[in-house]
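Take a look at the structure set out below.
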Amino acid sequence: MRGGRPVFRDVNFRVGRGEALVVEGPNGSGKTSLLRLVAGLLAPAAGAISFSGIADREERGNSVGWLGHHDGAKPQLSPREMLLFFAQLCGGARESIPSLLQLVGLSRAADLPCQYLSAGQKRRLALARLKLCGRPLWLLDEPLAALDAQGKSLLLDLLREHLAAGSIALIATHELLGLQTQRLQLT
Amino acid sequence: MRAAAALLARDLRIATRAGGSAVLALAFFAAVVTLLPFGIGSDPKLLARVAGGVIWVAAVLANLLGLDRLFQADYEDGNLDLLALSPLGFEGIAAAKIVAHWLITGLPLTVIAPLLALLLNLPPSAYPALLLSLLIGTPAVSALGSAAAALTLSIRRGGLLLPLLLLPLLAPVVIFGAGAVLAQVDRVENGAIWFLAAISAVTILLSPFVTAAALRLNLSD
Amino acid sequence: MLAYANPQRFMELSHRVLPWLCGATAVLFAVGLYLSVTVPPDYQQGETVRIMFVHVPAAWVAMMAYGFMALASLIGLVNRHPLADVAAKEAAPLGALFTAMALITGSLWGRPMWGTYWVWDGRLTSFLLLFFLYLGYIALWNAIENEVRAARAAAVLALIGAVNLPIIEFSVQWWTTLHQGESIFRSGGPLISAVFLWPLFIMAVAYTLLFFTLLIVRIRTEILERRTRSAALGSSS
């Protein structure tokens with residue numbers, strides 16, 4: 001429901017282990033709303049969502065790796081501090097932080113406050129956070145936004161690795177990913 | 001617990017970095033108290049009697065200063081979504097935020113209050129009551145404030161609304177807080193500090209749940 | 001009450017009840033005001049005692065309206081009833097209005113009693129804070145654009161206020177005794193002689209009916225407005 005009117009109805013899908021689902025549709029078709037519903041950040045007006053048998057909304061959130069429109073980089077904190085915080089918050093391994101920063105190409109900017117980072121660098125930081133937390137259900141909302149070609153291939157590498165480990169990803173995007181995925185068309 | 005501590009540490013770190021709100025609230029507190037004698041005159045007897053009340057009112061106002069950003073900053077940059085998906089839960093987020101707000105504003109205000117009381121000629125016998133009442137009462141201000149801040153989360157100019165929402169709710173804290181100091185100035189026993197402690201305890205216990213409910217309704221719609 | 005919580009049934013029922021309610025309110029006001037004016041003056045307060053007949057019922061409705069608003073908020077929050085949300089929303093401006101009336105008539109009453117329009121008397125002070133509670137509630141409703149979200153946020157605020165009201169009342173009473181001792185309004189009961197009780201009672205019922213009449217009219221208006229709006233939205237897309 002948005003402004004008292006239904007955003008979509010009769011949406012059904014099932015994603016198995018190691019599979020990805022690409023959600024497509026024009027602006028305003030409810031891609032973000034669908035991802036928020038799956039994350040449990042929104043309550044469905046009707047219907048049910050469950051992930052590996054967890055139907056409770058807030059409990060399901062603990063399985064979700066979220067990449068939204070905003071990257072959540074605090075302007076006052078450095079990428080290293082952000083990752084340290086998320087490691088403590090979701091129980092990721094602190095030791096992996098330097099290598100993660102290296103992986104996403106932020107080693108040199110690791111101790112700079114995030115306000116000096118570009119949009120693409122902030123997105124890379126968000127990717128590092130996604131891998132750090134190691135959640136089994138990735139929900140990526142327009143993950144390619146602000147990323148350059150190198151950043152895009154970095155995302156695809158991370159995604160392939162994630163799926164190969166038997167995890168799941170739902171991706172809302174306009175662009176072609178070049179991955180073997182299911183597709184869900186919203187109108 | 002670890003997650004809550006992480007959020008608390010993060011907020012403290014942000015508040016103490018450049019552009020943080022910790023120092024600003026203190027400066028505001030001092031400015032209000034300093035301005036008072038210009039308004040009501042410098043008669044030491046008069047100042048001594050109103051000192052407790054003025055410090056309490058100024059402390060409450062200083063608490064309101066950065067309150068609207070308590071959740072809003074995290075809401076706008078996407079961190080609130082990430083916190084909501086963490087094992088913290090909304091109650092955990094609320095509790096960590098309340099403690100952080102108190103450590104950033106309430107505690108420093110309490111610490112510098114005796115200095116300002118000195119300017120207002122508060123009798124020495126009333127200092128313990130002043131410190132104690134602020135120590136007991138300011139956490140309740142943070143707790144009530146966090147609930148109101150969570151309610152106004154999605155409002156762009158929520159900071160303007162907060163004083164209106166909080167004024168009637170904070171009246172008892174100011175009454176008993178200032179009353180406890182005045183009791184020492186007048187050398188009477190009025191029990192204000194016990195009422196303050198009771199109100200504060202109830203408020204602190206309930207607020208994380210109320211705040212969590214307010215966060216839920218603002219986030220998931 | 002929940003059986004009538006369906007907006008459609010409410011519209012039908014209120015349509016039938018409203019004329020009777022209006023009539024009863026008018027009759028009670030006529031009788032009450034007549035009695036208020038003709039009752040003999042009080043031996044202590046003189047003619048000014050007549051202010052009591054407009055002041056005390058306003059104060060009573062001001063408090064009852066908050067209770068009603070909090071109850072409707074609770075039902076709206078727990079049962080997700082849109083009608084309860086609307087009822088709470090529409091009760092607030094009325095409650096604020098009656099609180100303002102209680103404050104104004106109270107200070108008019110205070111003028112001959114205390115020689116000044118405003119004294120930080122326990123009752124007056126709590127009503128001033130109640131007035132701010134209403135204002136905050138109304139402001140929160142108006143500040144949030146999303147109707148569902150606004151209803152829930154305002155409901156939470158109304159409940160916070162309801163829990164705090166006894167504490168506010170108690171602290172203000174404590175504070176006035178600390179600063180000035182006994183006040184005139186402190187206990188209305190034993191002071192009121194029997195001749196005044198009937199007009200006071202009738203006026204209290206008249207005010208209560210006035211509140212509910214206005215409330216029903218406001219709820220009906222709001223429901224109709226929402227229907228018009230959603231019809232306009234539906235036809236445009």
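Per chain, numbering begins at 1; letters A, B, ... match sequence-line order. Keep in mind the model is a prediction, meaning the values are calculated, not measured.
Listed by first and then second residue, the side chain to side chain donor-acceptor pair (under 3.5 Å) pairs involving residues 196-215 of chain B are B:Ser146-B:Thr211 (not counting sequence neighbours). Within the structure, side chain to side chain donor-acceptor pair (under 3.5 Å) pairs that include any residue of residues 50-65 of chain B comprise B:Trp56-B:Ser133, B:Asn63-B:Thr105 (at least two apart or interchain).
Atom CG of residue A:Leu77 and atom CD1 of residue B:Ile14 lie 4.5 Å apart, to the nearest 0.5 angstrom. Between A:Leu89 atom CG and B:Arg10 atom CZ the span is 8.5 Å, to the nearest 0.5 Å. Here the CZ-OG distance, from B:Arg13 to A:Ser78, works out to 8.0 Å after rounding to the nearest 0.5 Å. Taken to the nearest 0.5 Å, the OG atom of B:Ser86 stands 7.5 Å off from the CZ atom of A:Phe85.
Residues A:Cys90 and B:Pro87 come closest through the heavy atom pair CA-CD, 4.4 Å. Between A:Gln88 and B:Ala6, the shortest heavy-atom contact is CB-CB, 3.5 Å. Across all non-hydrogen atoms, the minimal contact from B:Asn79 to A:Lys74 is ND2-CE, 3.4 Å.
Both the backbone and the side chain of B:Leu7 come within contact range of chain A, judged by heavy atoms closer than 4.5 Å. Heavy atoms closer than 4.5 Å to chain B are found nowhere in A:Arg60, neither backbone nor side chain. The contact between B:Ala73 and chain A is made by backbone and side chain atoms together, counting heavy-atom distances below 4.5 Å.
None of A:His69, A:His70, A:Arg36 except one satisfies the side chain to side chain donor-acceptor pair (under 3.5 Å) rule with B:Asp81; the exception is A:Arg36.
Environment of CZ in B:Phe209: sparse, with no more than 12 heavy atoms of neighbouring residues, nucleotides or ligands closer than 6.0 Å. For A:Lys131, the NZ atom sits in a loose shell: 12 or fewer heavy atoms of surrounding residues, nucleotides or ligands are nearer than 6.0 Å. Atom CD of B:Glu76 has more than 12 heavy atoms from other residues, nucleotides or ligands within 6.0 Å. Taking a 6.0 Å sphere around CD of A:Gln102, one finds it holds 12 or fewer heavy atoms contributed by other residues, nucleotides or ligands.
Side-chain contact check for B:Leu82 versus A:Arg129: some heavy-atom pair is nearer than 4.5 Å.
When each of B:Leu88, B:Leu80, B:Leu83, B:Asp74 is checked for heavy-atom pairs under 4.5 Å with chain A, B:Asp74 comes out on top.
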